[in-house]
Colleague: 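Attaching a single structure in structure tokens format; questions to follow.
Numbering starts at 1 and runs along the sequence shown.
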Amino acid sequence: MAEPFIEVRKTLKPGSHNQVSYEVFDGDTGGSLGYFDEESQAQHRAARMNGMIERETGKRLNRPSLDAEVE
């Protein structure tokens, strides 16, 4: 089983063909946890969720790159 992690992806806002947004993505389930206009907001949400995972599992996550992009 893959190690759970939450990452931020730079992508286009759903329904938009040119507006950039930042998706908080659950790498374990493959699901989106929300879209944010500001990267800092998305990073804050991902950091909080990763911290919660670390507390629940009792181990430090090997977190993915913060530069992940979705085409």
Side-chain angles (χ1 to χ4, degrees):
M1 183 170 107
E3 183 175 84
F5 65 86
I6 308 298
E7 70 179 349
V8 174
R9 294 175 164 189
K10 184 178 179 181
T11 187
L12 294 178
K13 192 170 203 165
S16 172
H17 298 289
N18 60 0
Q19 185 178 0
V20 172
S21 68
Y22 299 89
E23 176 185 23
V24 178
F25 181 79
D26 185 336
D28 185 40
T29 66
S32 177
L33 300 173
Y35 292 86
F36 297 84
D37 292 331
E38 299 292 325
E39 183 178 13
S40 62
Q41 293 171 328
Q43 293 291 353
H44 178 71
R45 173 81 183 264
R48 284 182 32 222
M49 296 188 81
N50 277 321
M52 187 171 54
I53 291 168
E54 288 174 337
R55 285 189 300 279
E56 288 177 359
T57 62
K59 68 177 187 173
R60 184 111 174 112
L61 297 177
N62 182 13
R63 297 182 187 191
S65 167
L66 297 178
D67 297 327
E69 290 198 22
V70 175
E71 296 184 19

Colleague: Is there a side-chain contact between Ser21 and Phe36, using heavy atoms and a 4.5 Å cut-off?
Modeller: no

Colleague: Any idea which heavy atoms bring Tyr22 and Glu39 closest together, and the distance?
Modeller: CD1-N, 3.4 Å

Colleague: Would you compute the distance between atom CE of Met49 and atom CE of Met52 and round it to the nearest 0.5 angstrom?
Modeller: 4.5 Å

Colleague: Is there a side-chain contact between Lys10 and Val20, using heavy atoms and a 4.5 Å cut-off?
Modeller: yes

Colleague: Are any non-hydrogen side-chain atoms of Gln19 and Asp37 less than 4.5 angstrom apart?
Modeller: yes

Colleague: For Ser32 and Glu23, does a side-chain donor sit closer than 3.5 Å to a side-chain acceptor?
Modeller: yes

Colleague: Taking all heavy atoms of Leu12 and all of Ser16, pick out the closest pair and write down the distance.
Modeller: CB-O, 4.0 Å

Colleague: Heavy atoms only: give me the nearest Phe25-Gly30 pair and the separation to one decimal.
Modeller: CE1-O, 3.3 Å

Colleague: Do the side chains of Ile53 and Val24 join up, straight or via other hydrophobic residues, at under 4.5 Å, putting them in one cluster?
Modeller: yes

Colleague: How long is the gap from CD on Glu38 to CD on Gln43, to the nearest 0.5 Å?
Modeller: 12.0 Å

Colleague: Using modelled atom types only, decide if a donor and an acceptor are shared between the side chain of Asn50 and the backbone of Ile6 within a distance under 3.5 Å.
Modeller: yes

